[in-house]
Protein chains: 2
Amino acid sequence: MSSQPARKPQFRLDESLLTDLPPFSRLDRRQIREILDLAVSRRHDAGSAIFDEGAQAERFYLLLDGHVRVVRITETGEQVIALHIPPGQLLGIAPAIGRETYPATAVAATEAITLGWPVRLWPDFVCDYDGFATETYKTVGKRIGEMNTRIMELATQQVEQRIANSILRLINQSGRKTDEGIEIAFPITRQDLSELTGTTLHTVSRLLSAWEKQGLVKSARRKIVVRDAHALMLLSGAQPRH
Amino acid sequence: MSSQPARKPQFRLDESLLTDLPPFSRLDRRQIREILDLAVSRRHDAGSAIFDEGAQAERFYLLLDGHVRVVRITETGEQVIALHIPPGQLLGIAPAIGRETYPATAVAATEAITLGWPVRLWPDFVCDYDGFATETYKTVGKRIGEMNTRIMELATQQVEQRIANSILRLINQSGRKTDEGIEIAFPITRQDLSELTGTTLHTVSRLLSAWEKQGLVKSARRKIVVRDAHALMLLSGAQPRH
DNA sequence: CATGCAGTTTGCGCCAGGGCAAACTCGGGA
DNA sequence: TCCCGAGTTTGCCCTGGCGCAAACTGCATG
């Protein structure tokens, strides 16, 4: 369950890892090389923490492969999932928002590979690399938007709608087509879904069972496949576009 | 109810308006003068919108005086209050997070005075004025933190705790000492409080009545005075520091 | 001074969904 | 192969808080 620090010296990272990712897409080969040479790559077992809420922010990361859950824990010990991060995105970008500690815990949902850089390089990145700042702040903006939407949903919607919405968002962000339908690309439990929607695993289970009977979804252990996204969308309370 | 654009030509704004505010505190007199000369000041009636969700972000603002509510409206017409902004803070900083439209509507809770600058000046501000970017992103970070807390509360706490927490946060951010206790410095209705906590005005009213009977608060039309913040804190579910 | 409206209070009934408890199922490790 | 534990399902009961309805209170306006 603990993370395996496969630090430098390491295999030389290939430039193609970064060239297609928005924060780096405007950079030339030489710059990408520079960035890679400063990075430390690391593998994280599924379930292990990449960094912890409240800890001194020493590094910021890029998620090369795998999925990450960003989680907060209440004073009473309950978990709330704040965000899901798909591969290719930055995480732990505390310095971007003027923080010296991480505001939440990041947990690998699957085995995950990250690149990490010391936070002291952040100002250099922002200043030296064209488009890096812009793209990063776009990410921040998107996450703010997501959080906002979560707040609205929690404040106004029924449990059924919230769960439908969460699942739709997950398949949008990390869906994978299969012959059965669209599958969420990483393992997710009823418990996870309940922490995402502010309800209990029991209620989630009951709802998924009901939906399965109606043929909307097909679910198994830690797995959900959506067979009828359109019907889910109706349940989610979204206004059909007229 | 509509806003009164008191545009340029205008009275010359005094430099002391900005010198103490974090985003500008590291600047010298000449720079502050520059910034003020680029600004348009405007007065907003209580209840009027400063900008609207989804609108093209043409300006970013500084709230000189008054209080502002940042709200979103659901597809079903319900309002949710995302944030309260006290005087002295920036608002409408869409460009900071890579957005071209405002993600929410800003409504003046009291009569309010703003300074506004065209968004095209944003990059200049960030680059020319020492400390501006840093302080701005700290603000963004704080707001993200607040949103995060809201999500946790909505997901895990009972209505009573959420309302207690919201009131505590409001008096923290915009409290004003009176001989009766600490008063929320701007008018706030039961409805507002319910939109802040994801409940109904009825439930809020019932709770406030109960608290009033116990001497915790004293409330009137659009006004709340906290007489026993400590007791409220116990209700809010915060762990007493051991 | 009358009138109206915005904001508030309160009562009553109901039900979505949480709490609790128990049983089941699957997958992986010894 | 069997066993164990994590994840899931389901039933039953109970209640927090919402929906609905109606009445009340002041402030503001003509």
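Since the structure is predicted, the reported quantities are computational estimates derived from the model, not experimental observations. In what follows, every chain begins at residue 1, and chains take the letters A, B, ... in the order their sequences are listed.
Between A:I224 atom CD1 and D:dT8 atom C1' there is a gap of 12 Å when expressed in whole angstrom units. Remark: P of D:dA6 and CZ of A:R222 are 11 Å apart, rounded to the nearest angstrom. For the pair A:Q191 CD and D:dA6 C1', the interatomic distance rounds to 11 Å; values are reported in whole Å. Rounded to whole angstrom, the span from the CG atom of A:L207 across to the P atom of D:dT9 amounts to 11 Å. Regarding B:L193, its CG atom lies at a distance of 14 Å from the C1' atom of C:dG7, rounded to whole Å. One atom, CG of A:L201, and another, C1' of C:dG19, lie 11 Å apart when rounded to the nearest Å. Rounded to whole Å, the distance from CG on A:D192 to P on D:dA6 is 15 Å. Counting to the nearest Å, the P atom of D:dT8 and the CD1 atom of A:I188 are 10 Å from each other.
The backbone N or O of A:S48 lies less than 3.5 Å from no partner atom in the side chain of A:D45, so there is not a single donor-acceptor pair. Here the side chain of A:T203 pairs no donor or acceptor atom with the backbone of A:T199 at under 3.5 angstrom. For the pair A:N165 (side chain) and A:R162 (backbone), a donor-acceptor distance under 3.5 Å is absent. B:S205 contributes no side-chain N or O that, together with a main-chain N or O of B:L201, makes up a donor-acceptor pair within less than 3.5 Å.
For B:S205, counting side-chain heavy atoms from C-beta on, the closest listed nucleotide (C:dT9, C:dG7, D:dT10) is C:dT9. Closest contact between the side chain of A:S219 and the listed nucleotides D:dC18, D:dT9, C:dT8 involves D:dT9.
Using a 3.5 Å distance cut-off with no hydrogens or angles, the side chains of B:R190 and B:S219 do pair a donor with an acceptor.
Side-chain nitrogen and oxygen atoms of B:R190 include none within less than 4.0 Å of the OP1 or OP2 phosphate oxygen of C:dG7. Listed pair A:T203 / C:dA16 fails the phosphate criterion, with no side-chain N or O lying under 4.0 Å from OP1 or OP2. Dashed line: the shortest gap from a side-chain N or O of A:S209 to OP1 or OP2 of D:dT8 is not under 4.0 Å.
Residues passing the salt bridge (Lys or Arg N to Asp or Glu O under 4.0 Å) test with B:R72 are B:E53, sequence neighbours excluded.
DNA chain C lies under 4.0 Å from no heavy atom of any residue of residues 153-168 of chain B.
Residues in residues 209-221 of chain B take part in no salt bridge (charged side-chain N to carboxylate O under 4.0 Å, His left out) pair, two or more places apart or across chains. Residue pairs meeting the ring pair (Phe, Tyr, Trp, His ring centres under 6.0 Å) criterion with at least one partner in residues 157-199 of chain A, sequence neighbours excluded, are A:H67-A:F186, A:H84-A:F186.
Heavy-atom distances to DNA chain C give each of B:E212 and A:G198 a nearest nucleotide, and the one nearer the 5′ end belongs to B:E212.
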Worked check of salt bridge (Lys or Arg N to Asp or Glu O under 4.0 Å) between B:R176 and B:E183: CA-CA 5 Å; B:R176 174 203 293 158; B:E183 182 189 358; 3.6 Å; yes

B:R169 vs B:E153, salt bridge (Lys or Arg N to Asp or Glu O under 4.0 Å): CA-CA, chis, key distance, verdict: CA-CA 12 Å; B:R169 219 169 301 127; B:E153 289 179 4; 2.4 Å; yes

B:K223 and B:I184: CA distance, side-chain angles, deciding distance, side-chain contact (heavy atoms from CB on, under 4.5 Å) verdict: CA-CA 7 Å; B:K223 200 183 102 177; B:I184 295 176; over 6 Å; no

Please tabulate the protein-to-nucleotide N/O contacts below 3.5 Å involving nucleotides 20-30 of chain D, giving atom names and distances.
residue: D:dT25; atom: O2; partner: B:R221; partner atom: NH2; Å: 3.4

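Pairing each heavy atom of A:T197 with each of A:S166, the nearest pair is CG2-OG, 3.2 Å.
With axes fitted over five pairs at each extremity, the angle between the ends of the helix from C:dC1-D:dG30 to C:dA30-D:dT1 is 40° (10° resolution).
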